[in-house]
Every structure is written in structure tokens, then in C-alpha cells.
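Reading through the C-alpha cells given below for one structure.
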Amino acid sequence: GVLAGYIFGGGNETGEKMEMTTPVLMREGKMQFVMSRSFQNDVGRLPRPKGGSGVDLTQQPGGVYAVLRFNGISTDEGARRAEAELDQALARDGLTRAPATPASLAQY
């Protein structure tokens, strides 16, 4: 796909091949990769995507995250069930998700 092309060099301006890291994140229909520490948490050190590729480089802020581990192949329905289960576990512990914060699906 487009994102793999960027990581493996064909879709970036320098042709640089980068290490693929885990997890691969899915959020709001977008796929996200965690980049290697060799880029020193500076998105400006990453090779620029080729124009029109559809790849955007952004740095996501850190934070506190709640996680629910589940096995099997991820489907939309399975992810929705796991998200509901996580929300229930948070509620049992007196915690809530920040308003308007979408869930992410991390796949390894």
C-alpha cells in the first residue's frame, strides 16, 4: 500500500528505507506507523513523502492510555466489542475517556 511504499523507500523523496515498527495503529479510518527512535522524535527528520502520495507526517502527543488486549483477527465488529468492554472496565474503575477522544486499534 501507499504507507508501506513510503516506509520501504519508493514513496519518499530520498528513497530511504526505514525500519517498520510496531504497533500499526488504526484510528478513524487512517493507518499510522510508529517510527524508529533513530528519528529522535522529530518528524522533520523523516524523509518527505512524494507529492500526491497521500502520506502525511504528523507527531502525536504522548499521554495516558487505557489498553485492552484481545486475540484473533481484528474485524470492525470485534474492535467495537473490545472498545465497549474497555469503556465498561474504565467505568467500573471510576475512569472515563477524555471527551471526543477516538479509540485506536493497535495491531502487532
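The analysis underlying the following values was restricted to heavy atoms, covering all of them including side chains, and did not include hydrogens, waters or symmetry mates. It should be emphasised that the depicted structure is a prediction, and the values quoted were computed from it without experimental measurement.
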Can I get a per-line list of side-chain donor-acceptor pairs under 3.5 Å for residues 62-79, giving both atom names and the distance, sequence neighbours left out?
| from | atom 1 | to | atom 2 | distance (Å) |
| --- | --- | --- | --- | --- |
| Y65 | OH | P61 | O | 3.3 |
| T75 | OG1 | G78 | N | 2.9 |
| E77 | OE1 | R80 | NH2 | 3.4 |

Name every donor-acceptor pair, under 3.5 Å, that has one atom in a side chain of residues 4-13 and the other anywhere in the protein, sequence neighbours excluded.
| from | atom 1 | to | atom 2 | distance (Å) |
| --- | --- | --- | --- | --- |
| Y6 | OH | P47 | O | 2.6 |
| N12 | OD1 | T14 | N | 3.1 |
| N12 | OD1 | T14 | OG1 | 3.1 |
| N12 | OD1 | G15 | N | 2.7 |
| N12 | OD1 | E16 | N | 3.1 |
| N12 | ND2 | Y6 | O | 2.9 |
| N12 | ND2 | E16 | O | 2.8 |

Distance-only donor-acceptor hits, side chain of residues 29-39, under 3.5 Å, sequence neighbours excluded:
| from | atom 1 | to | atom 2 | distance (Å) |
| --- | --- | --- | --- | --- |
| S36 | OG | S38 | N | 3.1 |
| S36 | OG | S38 | OG | 3.1 |

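For T101, the side-chain hydrogen bond (donor to acceptor under 3.5 Å, both in side chains) criterion is met by no residue, not counting sequence neighbours. A search for salt bridge (charged side-chain N to carboxylate O under 4.0 Å, His left out) contacts involving E83 returns R97, not counting sequence neighbours. With sequence neighbours left out, R92 forms a salt bridge (charged side-chain N to carboxylate O under 4.0 Å, His left out) with no residue at all.
A distance of 11.0 Å separates CG of L90 from CD of E85, quoted to the nearest 0.5 Å.
Here the closest non-hydrogen pair linking R27 and P102 is CD-CG, 3.9 Å.
Under the 4.5 Å side-chain contact rule for hydrophobic residues, L46 and V24 share a cluster.
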Is there a side chain to side chain contact (heavy atoms under 4.5 Å, CB included) between L3 and V55 once you walk through the steps?
CA-CA 7 Å; L3 197 50; V55 174; 4.2 Å; yes
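More than 12 heavy-atom neighbours from other residues, nucleotides or ligands sit within 6.0 angstrom of CD on Q107.
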